[in-house]
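One structure is given here, and the rest of the page talks about it.
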There are 2 protein chains.
Amino acid sequence: MPRTESPRRGRRPGDSGTREAILDAARARFSSAGFRAATVRAIAGDAGVDPALVMHYFGSKQGLFVAAMEFPLDPAEVVPRLVAPGVDGLGERLVRFLLSVIDELGDANPMLGLVRSAVGHPDAARMMREFLGEAILDRVAAAVSDIVGADRPRLRADLCASQIVGILVARQILELPELAAADRETLIGVYGRTIQGYLTGPLDSS
Amino acid sequence: MPRTESPRRGRRPGDSGTREAILDAARARFSSAGFRAATVRAIAGDAGVDPALVMHYFGSKQGLFVAAMEFPLDPAEVVPRLVAPGVDGLGERLVRFLLSVIDELGDANPMLGLVRSAVGHPDAARMMREFLGEAILDRVAAAVSDIVGADRPRLRADLCASQIVGILVARQILELPELAAADRETLIGVYGRTIQGYLTGPLDSS
């Protein structure tokens, strides 16, 4: 599915301003109310447009968030695609995809800005917790539950998130030297095993 | 080894002000120059005292950093103690210790403030990278190299750091719900296996 904020579609002259007004309203309301409590109806009201127009442009509240925050991937598309081939190698596929996004975007990665905001501001942390939960972690949990039949699927998704956010912080922000210098295939192998273990391995303490 | 900033030692009336002046100077210089470039001599100069007095109070530049930043553990004491029983169960011991520190300190954990600063400010990120590198990660790497004979020991230490900082961010700052609610023994089991794998497992991509 192409990113809905793509400028490549036939549009009338007034569209761009309207779209920007919706995105501005969305950023303000997601930031203040969080992801869960912000409604498409309220955002549309703030922007002075009909809620149907917001859905027309962005498809869903998640799609609106992805566009407003320039989140560099659309979870509604990415998660099913990564899960589809089955559980074998799922951890490696997930890490391979994420590292390719991270390396491609470099310092311009909007995820870094979102992590910075979330770490610095409790409201932004709540917004990220709610968005990540609904858009990514619940989806991953459902897939793991469906195809692996694993217990405590959402804890498994949260464990994965803890390693992935740790990669972002340690490699891209703290820039730990050996981690920053390691070649991508090594990291895919090592972190892929970790993520696979979190998704399908034992959760007991033995 | 007791924390060197403990107030429980015989001291003259003027000591407290001198100690605070040294800590203020240390915070300012570590923040601006980073951990590596800041010297005990320069910090002593800023505080108007003899470098020997700084060493008398804090033992080392690392000890001065630990005291100035209220870093909640002294790596010079903790790392050798965790490593001493040998490689078996090292990952679990490390995670058990860290989670106990994290849970004991709660929201008052100064590590959270340091992570927040490091994520928000490049100068603070460099300071943390240099301190973590010299005080913790190089020590862990040396131990792993000595007792396991593992290849690329510093990469292994950096991998561990990426999971540990991820635990801090995902559990204490983002407060991902299942991670925050999971009982400590479950987390020690799961994360302990991850850390053990990073310290002693394969680093190839297969």
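Letters A, B, ... mirror the listed sequences (proteins, then strands); counts begin at 1.
- For chain B, the nearby parts of A:Pro177 are the backbone and the side chain; heavy atoms of each come within less than 4.5 Å.
- Scanning all heavy atoms of the two residues, the minimum distance from B:Thr186 to A:Leu203 falls at CG2-O, 3.1 Å.
- For the pair B:Arg116 (side chain) and A:Val119 (backbone), a donor-acceptor distance under 3.5 Å is present.
- Proximity to chain B (any heavy atom under 4.5 Å) is restricted, for A:Leu137, to the side chain, taken from C-beta onward.
- Of the two parts of B:Glu175, the backbone and the side chain both hold a non-hydrogen atom closer than 4.5 Å to a non-hydrogen atom of chain A.
- In this structure, B:Leu174 CG and A:Glu130 CD are separated by 11.5 Å, a value rounded to the nearest 0.5 Å.
- With a 4.5 Å cut-off on side-chain heavy atoms, B:Arg171 and A:Ser162 do not count as touching.
- Looking at A:Arg152, only its side chain comes within 4.5 Å of chain B, counting heavy atoms on both sides.
- Residue B:Leu112: no heavy atom, backbone or side chain, is found under 4.5 Å from chain A.
- Taken from CD in B:Gln163 to CD in A:Gln163, the straight-line distance is 4.0 Å, to the nearest 0.5 Å.
- With contacts defined as side-chain heavy-atom distances shorter than 4.5 Å, the pair B:Leu187/A:Leu159 qualifies.
- For the atom pair A:Cys160 SG and B:Leu179 CG, the distance stands at 10.5 Å (nearest 0.5 Å).
- Contact of B:Pro202 with chain A is made through backbone and side chain together, with heavy-atom distances under 4.5 Å.
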